[in-house]
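Notes follow the structure.
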Amino acid sequence: MAHFGDFQFQFYGQGLAGFVSDLPFTFAELERRAEEALPDGVFGYVRGGAGDEHTQDVNVSALRQYGFVPRMLRDRSARSMKAEFLGRTFDSPVFLCPVGVLGAVHPRGDLETAAAARELDAPVVFSTLSSATLEEVAAERGSAFGVFQLYPSSDRELNASLVARAERAGFDAIAVTVDTGTLGWRPRDLANGYLPMLQGHCIANYLADPRFLEIAGVKSAEELAPQRAGLVWASIFAHPSFSWDDIDWLRAQTKLPIMVKGLCDPRDVRLATEHGVDAVLYSNHGGRQANGGLAAIHGLAAAVEAAGETPVLFDSGVRDGVDVLRAVALGAKMVGIGRPYVYGLALAGRRGVEHVVRCLLAEADLTMAVNCYLSLEELSAQRA
Ligand code: FNR
């Protein structure tokens with residue numbers, strides 16, 4: 001029986017043949033190499049968080065406070081990381097988070113990520129902010145489970161248009177991000193004066209949308225100079241008054257399952273279930289939005305309890321395969337990867353994304369094997 005952990009033998013095999021991997025195996029090394037590879041503004045945008053980055057840092061360190069008591073002398077030859085979500089069975093609980101600057105990190109960043117997801121058959125969430133259109137990434141991800149992430153703009157017609165396009169393009173679900181009613185305070189980006197969208201980058205979904213062109217007062221995107229496009233985008237991007245009524249409105253716009261991304265408080269999670277959402281993405285946006293929040297992982301178990309039957313996904317601070325297992329053990333149905341795969345993309349495009357995800361899956365699988373845990377259910381049962 002093949003396991004994700006078998007990936008490691010490829011590198012021992014290479015060693016026998018006299019060469020070693022050109023891509024790193026730890027997050028620290030990935031980050032260091034990405035810093036060398038990327039322009040300062042782009043690296044700062046990916047690496048950076050809100051304020052003094054305390055929340056971002058504790059997201060990572062808090063995960064390490066959780067561990068596993070190893071079991072022994074159990075046959076682990078038939079272990080699996082299969083995860084069930086929205087009626088589908090996935091080979092692992094790992095999904096790729098929406099990241100809005102993939103096109104600044106790599107010239108074909110969104111498409112390379114989509115191709116990696118296709119190759120890995122991993123669920124992937126595509127940001128509203130991309131350099132390829134949602135139609136293009138939907139096609140490129142093949143049969144991988146694809147989610148369109150909506151940043152609700154202040155223009156309802158534009159939101160309706162984006163959702164309708166996502167449904168037509170064949171996405172499997174919509175994730176609406178609710179923690180970005182305004183951009184957070186991000187000192188690294190302020191110091192670099194860098195917000196790619198203002199330069200007209202990573203707004204392909206808007207430029208391809210008839211409603212956005214109408215708002216801009218033009219007939220085609222060619223009539224818009226990049227900076228003018230960036231300014232029109234800035235005038236509608238955020239929707240500070242977006243609230244639960246808008247979730248009901250969104251529910252009525254589409255037959256696709258809806259997830260709400262960016263909830264942490266159990267009261268909000270409960271409200272989400274009352275408003276009929278299909279899943280909750282528990283996330284503090286990797287510490288990029290509000291500083292001073294608690295480490296994401298600390299509230300996960302309470303949120304899972306508040307959600308009842310509604311599945312809860314988790315992201316924020318996951319750096320390796322053991323973190324994936326930690327989040328599962330605390331009740332996450334699926335676990336999202338953010339910065340690690342973006343650094344892989346920076347180093348080697350699609351191959352880099354695949355490498356990072358395969359390393360993470362291998363480490364998770366081998367950790368389960370060494371500790372004699374045979375399924376994700378056994379891990380989450382450990383919590384009880
Ligand atoms: C993000 N994230 C994000 N989330 C979202 O809903 N839409 C988006 O466009 C973006 N864009 C974005 C850009 C960059 C550079 C990063 C690092 C993150 C948040 C992302 O989906 C996820 O919540 C975090 O990345 C998780 O934190 P870690 O694991 O990266 O620390």
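Because the structure is predicted, anything quoted here is derived from the model rather than measured. Indexing begins at 1, ligand by ligand and atom by atom, following the structure's order.
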Between Tyr66 and Arg326, is there a cation-pi geometry (under 6.0 Å to ring centre, at most 45° from the normal)? no
Donor-acceptor contacts under 3.5 Å from residues 33-46 side chains, at least two apart:
from: Arg33; atom 1: NH1; to: Asp22; atom 2: O; distance (Å): 3.3
from: Arg33; atom 1: NH2; to: Asp22; atom 2: O; distance (Å): 2.9
from: Glu36; atom 1: OE2; to: Arg32; atom 2: NH1; distance (Å): 2.7

Would you tell me which option among Gly262, Pro98, Gly286 has the nearest heavy-atom contact to atom 24 (C) of ligand 1? Gly286
So, are Glu378 and Arg74 salt-bridged, with charged N and O less than 4.0 Å apart? yes
Pair Phe25 + Phe11: ring centers closer than 6.0 Å: yes
Using heavy-atom distances, let me know which of Arg288, Lys261, Gln149, Arg319 sits nearest atom 16 (C) of ligand 1. Arg288
Numbered in order shown, the ligand 1 atoms found under 4.0 Å of a heavy atom of Val46 are 15 (C), 17 (C)
Going by the atom numbers of ligand 1, which of them fall below 4.0 Å from some non-hydrogen atom of Ser283? 23 (O)
When the aromatic ring centroids of Phe90 and Phe95 are compared, is their separation below 6.0 Å? no
Taking only Lys NZ, Arg NE, NH1 and NH2, and the carboxylate oxygens of Asp or Glu, determine whether Arg141 and Asp172 approach each other closer than 4.0 Å. yes
The closest protein heavy-atom partner of atom 25 (O) of ligand 1 is Gly338 CA, 3.6 Å
Distance flag, aromatic centroids of His239 and Tyr151, threshold under 6.0 Å: no
So is Ser127 polar-close to ligand 1, meaning N/O to N/O under 3.5 Å? yes
Below 4.0 Å from ligand 1: does a non-hydrogen atom of Asp315 turn up there or not? yes
Polar contacts were defined as any N/O atom of the residue lying under 3.5 Å from an N/O atom of the ligand; does this apply to Gly100 and ligand 1? yes
Give the contacting part of Thr177 toward ligand 1: side chain, backbone, both or neither, where contact means a heavy-atom distance below 4.0 Å. side chain
Is the shortest side-chain N to carboxylate O distance from Glu167 to Lys255 below 4.0 Å? no
Between Tyr151, Tyr282, Phe27, which one has a non-hydrogen atom sitting closest to atom 5 (C) of ligand 1? Tyr151
Tell me which one of His285, Arg47, Gln56, Arg339 gets a heavy atom nearest to atom 19 (C) of ligand 1. His285
When only distance counts, is Gly317 in polar contact with ligand 1, meaning an N/O pair under 3.5 Å? yes
